[in-house]
Amino acid sequence: MGRRKIEIKFIENTTKRKATYSKRRSGILKKARELSILCDVHVCLVMFSNTGKLAEYISSSITMKDIFDRYEKKTNIDLSASEYEIDNKDLLKSLQREFRKQEEINSILREDIR
């Protein structure tokens, strides 16, 4: 029995979306590893889920820095340029805002517990 084609669109159901991500993540990591071995190519695959979890594959014969250096040379894009860096002042302000929000949530939860 053959596989049916699915329509590629956003999966609304959260449970199905997480299950699909998990299955496809393992599949693409396997394909990256196979491609690296079979074709003797350097592969670097980095994925972040909605929850911020990291999934990565890097060919065993190269480092991620080497891959990024080669990418910079081929594309003439400087990844360390200011447009790709986070401004420390903005980061600090963002962290302070997040800290204040967490303090407010904490105080509300403490009142509810009392």
Side-chain angles (χ1 to χ4, degrees):
M1 187 170 188
R3 295 183 183 193
R4 63 185 173 121
K5 291 198 175 208
I6 62 164
E7 183 182 350
I8 301 297
K9 64 177 183 172
F10 181 74
I11 301 171
E12 298 291 336
N13 184 314
T14 307
T15 306
K16 287 183 180 180
R17 185 172 55 245
K18 287 179 181 180
T20 300
Y21 173 73
S22 177
K23 291 176 185 177
R24 289 184 175 241
R25 178 192 62 222
S26 59
I28 197 167
L29 290 170
K30 180 181 176 186
K31 292 290 183 188
R33 186 178 61 254
E34 291 172 352
L35 187 62
S36 174
I37 294 168
L38 292 173
C39 302
D40 192 30
V41 295
H42 296 133
V43 177
C44 175
L45 175 66
V46 179
M47 296 183 296
F48 289 97
S49 69
N50 286 345
T51 59
K53 291 183 181 176
L54 171 69
E56 64 178 338
Y57 173 79
I58 303 166
S59 300
S60 60
S61 60
I62 196 166
T63 65
M64 193 175 290
K65 182 179 180 345
D66 294 337
I67 293 226
F68 287 145
D69 290 343
R70 287 177 65 182
Y71 177 81
E72 286 179 333
K73 287 178 186 173
K74 288 287 183 185
T75 61
N76 293 323
I77 294 175
D78 183 11
L79 295 175
S80 62
S82 61
E83 64 185 281
Y84 296 103
E85 291 180 3
I86 298 174
D87 185 14
N88 287 337
K89 291 179 184 176
D90 291 340
L91 179 60
L92 181 60
K93 289 178 184 177
S94 172
L95 290 173
Q96 287 172 339
R97 278 194 300 267
E98 184 64 28
F99 182 71
R100 280 189 228 107
K101 286 180 189 176
Q102 294 301 322
E103 281 183 325
E104 291 173 13
I105 292 170
N106 191 11
S107 65
I108 291 170
L109 290 173
R110 284 183 181 188
E111 289 177 17
D112 287 348
I113 289 172
R114 289 181 192 145

Work out which heavy atom in [X] is nearest to a heavy atom in [Y]; give both atom names and the distance.
X   : Y   : value
V41 : L35 : CG2-O, 3.5 Å
F48 : Y21 : C-OH, 4.3 Å
M47 : I28 : CE-CG2, 3.8 Å

Same apolar cluster: [X] and [Y], side chain cutoff 4.5 Å:
X   : Y    : result
I62 : M64  : yes
F99 : L109 : no
I67 : Y57  : no
V46 : V43  : no

Roughly how far, to the nearest 0.5 Å, is [atom2] of [Y] from [atom1] of [X]?
X    : Y    : atom1 : atom2 : result
R25  : K23  : CZ    : NZ    : 12.5 Å
L38  : K31  : CG    : NZ    : 9.5 Å
K74  : N76  : NZ    : CG    : 10.5 Å
D66  : S61  : CG    : OG    : 9.5 Å
E103 : R100 : CD    : CZ    : 8.5 Å
Y71  : C44  : OH    : SG    : 12.0 Å

Could you tell me whether D40 atom CG has more than 12 heavy atoms of other residues or ligands within 6.0 Å of it?
->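 Count not over threshold, so no.
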
Over 12 non-hydrogen atoms of neighbours within 6.0 angstrom of CD1 in I11 =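 More than 12 within 6.0 Å, yes.
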
Mind checking what makes side-chain contact (heavy atoms from CB on, under 4.5 Å) contact with [X], not counting sequence neighbours?
X    : result
T14  : R17, K18
T51  : S49, K53
I6   : I8, R24
R110 : N106

With K5, which residues qualify under salt bridge (charged side-chain N to carboxylate O under 4.0 Å, His left out), at least two apart?
->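 Testing K5 for salt bridge (charged side-chain N to carboxylate O under 4.0 Å, His left out), a comparison that skips the adjacent residues, returns none.
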
Under 4.5 Å between any side-chain heavy atoms of I58 and T63, yes or no?
->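 The answer is no, as the side chains (C-beta and beyond) never meet within the 4.5 Å cut-off.
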
Can you name the side-chain hydrogen bond (donor to acceptor under 3.5 Å, both in side chains) partners of R70, sequence neighbours left out?
->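 In terms of side-chain hydrogen bond (donor to acceptor under 3.5 Å, both in side chains), with neighbours along the sequence ignored, R70 is linked to H42.
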
